[in-house]
There are 2 protein chains.
Amino acid sequence: MFREIDKHITRCAPVSGYELEILHGRLKSKTVKKKTLLLRQGEVCRFEAYIIKGCVKKYYIDQQGDQVILQFAVEDWWISDIGSFSEQKPSNLFIETLEDTELLVIDFENKEILFREVPRLERVFRIMVQRSYSVLESRFYAAITHTAESRYLDFVKRYPQIVQRVPQQQIASYLGITPESLSRIKKQLMARK
Amino acid sequence: MFREIDKHITRCAPVSGYELEILHGRLKSKTVKKKTLLLRQGEVCRFEAYIIKGCVKKYYIDQQGDQVILQFAVEDWWISDIGSFSEQKPSNLFIETLEDTELLVIDFENKEILFREVPRLERVFRIMVQRSYSVLESRFYAAITHTAESRYLDFVKRYPQIVQRVPQQQIASYLGITPESLSRIKKQLMARK
DNA sequence: CTCATTTCTTATCCTACATCAATTTTCCCC
DNA sequence: GGGGAAAATTGATGTAGGATAAGAAATGAG
């Protein structure tokens, strides 16, 4: 149960087996059905969740009422609204499962206690956020400078598992285009190759 | 000299006066002329810098050879390529001063030593990155869903000081549009109000 | 002050992607 | 396994912002 998350953690910074056990004690296992909302706009985000099995999306709802997907998360990823969670203030985001999903979650209070018990984990989580920041920055750049087609190709290469598991319209949303456009892009790619 | 940075730090998490002094000892003061490149594509980013006075931009150069500005930083901000710095791997970015600038910089080795001396700073830097992440996420969302006009208005409201100090073409680049488009947007706004 | 360089504006035309609408295909759920 | 809903495709048309070009204005170095 904890094997993957332990690997995930120690890939960021060294943590002893004992310290990992303390972490385990602060995590709660949670199983949720497909299409469950884990966070709603306006709520304070009460969790950071590590995905053992399943798939989750994080999204805004824009003025026209359409979903704008910021992130997919699958096995071995963390999902949360960092801004809302860390400042314990209302979120603008929704987080929702796309499949039946098994999570390890930690709430704000337990995370704070955990950091007091295992200060070394501050470092782990710092490094995790740094990496996320870096990824988001590249994605931001790509969104501004690359065409939709190139972003799609990049997405398929980077996350082939997700392409299989998630409806096209949601991938379109993630890429910042309409489902119709994505359909046309795929058609052109087929024709060309 | 350290007054502002100390405030900046303690706004993230409590740090004692003694601990701040240790931090000061690890920082190096640096003054650089306008148009100095602090980081070039391909180099490893060797610093995190706090801006005492001045203005800096961080940008990509895209396939067509154009600058794409990801971030401006002015007084009381930090600037670095987090990805390159924290993994000490080659950067894709440029960082360049837009004015004569006074910085407090720390390199990778000193930051690591500092964290060993003052573990509490891990927390400070974690919180700083979390906040940056959150800001970047909103900006990403805005880039995808809002029009250029609305992003410009938002920028002017949020960073009025920067609008005064930075050429329009660079603001256009930051907004992900061409200078011509920004000029047109401004014209329309004038006409309308 | 002045000449050169950079920055800004304006006009024309163009393109990537959006919007709207109508099918067709796929997916589930009873 | 069949019926209904959700998803994907396709076509026609619209539009925000890009590309190019050329001139005007502002800035700065000597």
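Note on naming: letters A, B, ... go to the chains in the order of the sequence lines (proteins, then strands), and numbering restarts at 1 for each one. Keep in mind that the numbers below use all heavy atoms, side chains included, and drop hydrogens, waters and symmetry copies.
Remark: A:Lys30 does not engage A:Glu102 in a salt bridge, criterion side-chain N to carboxylate O under 4.0 Å.
Partners of B:Arg158 according to the side chain to side chain donor-acceptor pair (under 3.5 Å) rule, which considers only residues two or more places apart in sequence or in another chain, are B:Asp154. Scored by the side chain to side chain donor-acceptor pair (under 3.5 Å) test, A:Glu109 finds no partners at all (sequence neighbours excluded).
Rounded to whole Å, atom C1' of D:dT9 lies 13 Å from atom CD of A:Gln188. When rounded to the nearest whole Å, the span between CD of A:Gln164 and P of C:dT26 equals 15 Å. Rounded to whole Å, atom P of D:dT10 lies 14 Å from atom CD1 of A:Ile185. Counting to the nearest Å, the C1' atom of D:dA16 and the CD1 atom of B:Ile144 are 16 Å from each other. Across the protein-nucleic acid pair, A:Arg151 atom CZ and C:dA16 atom P stand 13 Å apart, rounded to whole Å. With rounding to whole Å, A:Leu98 atom CG is found 14 Å from D:dA6 atom C1'. Between A:Glu149 atom CD and C:dA16 atom P the separation is 10 Å, expressed in whole Å. Taking atom CG of residue B:Leu189 and atom P of nucleotide D:dA16, one finds them 14 Å apart after rounding to whole Å.
Of the two residues contacting DNA chain D, namely B:Asp66 and B:Lys34, the nearest-nucleotide position lying further toward the 5' end is that of B:Asp66.
Between A:Tyr60 and B:Tyr141, the ring planes are parallel. Angles under 30° get that label, and only those over 60° would be called perpendicular.
Backbone-only engagement by B:Thr178 is indicated by non-hydrogen atom pairs under 4.0 Å involving sugar-phosphate atoms exclusively.
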Identify all pairs in which a protein N or O lies below 3.5 Å from an N or O of nucleotides 7-9 of chain C, and state each distance.
from: C:dT7; atom 1: OP1; to: B:Gln169; atom 2: NE2; distance (Å): 3.4
from: C:dT7; atom 1: OP2; to: B:Gln169; atom 2: NE2; distance (Å): 2.6
from: C:dT7; atom 1: O5'; to: B:Gln169; atom 2: NE2; distance (Å): 2.9
from: C:dC8; atom 1: OP1; to: B:Gln168; atom 2: N; distance (Å): 2.6
from: C:dC8; atom 1: OP2; to: B:Gln168; atom 2: N; distance (Å): 3.2
from: C:dC8; atom 1: OP2; to: B:Gln169; atom 2: N; distance (Å): 2.8
from: C:dT9; atom 1: OP2; to: B:Ser183; atom 2: OG; distance (Å): 3.2
from: C:dT9; atom 1: O5'; to: B:Ser183; atom 2: OG; distance (Å): 3.3

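Remark: B:Arg139 qualifies as a cation-pi partner of B:Tyr174 under the 6.0 Å distance and 45° angle criteria applied to the six-membered ring.
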Intermediate values then yes/no, side-chain hydrogen bond (donor to acceptor under 3.5 Å, both in side chains), A:His146 and B:Asp62: CA-CA 9 Å; A:His146 294 13; B:Asp62 67 16; over 6 Å; no
Ignoring hydrogens and angles, write down the donor-acceptor pairs under 3.5 Å from the side chains of residues 88-98 of chain A, residues two or more places apart or on other chains.
from: A:Gln88; atom 1: OE1; to: A:Arg46; atom 2: NH1; distance (Å): 3.2
from: A:Gln88; atom 1: NE2; to: A:Cys45; atom 2: O; distance (Å): 3.2
from: A:Gln88; atom 1: NE2; to: A:Phe85; atom 2: O; distance (Å): 2.9
from: A:Ser91; atom 1: OG; to: A:Asp81; atom 2: OD2; distance (Å): 2.7
from: A:Ser91; atom 1: OG; to: A:Leu93; atom 2: N; distance (Å): 2.8
from: A:Glu96; atom 1: OE1; to: A:Tyr59; atom 2: OH; distance (Å): 2.5
from: A:Thr97; atom 1: OG1; to: A:Lys33; atom 2: O; distance (Å): 2.8
from: A:Thr97; atom 1: OG1; to: A:Lys35; atom 2: N; distance (Å): 3.1
from: A:Thr97; atom 1: OG1; to: A:Thr36; atom 2: N; distance (Å): 2.8
from: A:Thr97; atom 1: OG1; to: A:Thr36; atom 2: O; distance (Å): 3.4

Below 3.5 Å, can you tabulate the donor-acceptor pairs from side chains in residues 49-58 of chain B to any protein atom, sequence neighbours excluded?
from: B:Tyr50; atom 1: OH; to: B:Ile5; atom 2: N; distance (Å): 3.4
from: B:Tyr50; atom 1: OH; to: B:Asp76; atom 2: OD1; distance (Å): 2.6
from: B:Lys53; atom 1: NZ; to: B:Glu75; atom 2: OE2; distance (Å): 3.2
from: B:Lys57; atom 1: NZ; to: B:Gln67; atom 2: OE1; distance (Å): 2.9
from: B:Lys57; atom 1: NZ; to: B:Gln170; atom 2: OE1; distance (Å): 2.9
from: B:Lys58; atom 1: NZ; to: A:Glu137; atom 2: OE2; distance (Å): 2.8
from: B:Lys58; atom 1: NZ; to: B:Gln71; atom 2: OE1; distance (Å): 3.1
from: B:Lys58; atom 1: NZ; to: B:Ser80; atom 2: O; distance (Å): 3.4

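Taking the C1' atoms of five terminal pairs at each end of the helix from C:dC1-D:dG30 to C:dC30-D:dG1, the two resulting helix axes are inclined by 60°, rounded to 10°.
Minimum interatomic distance between B:Phe125 and A:Arg126 (heavy atoms only, all atoms of both residues): CB-CD, 3.8 Å.
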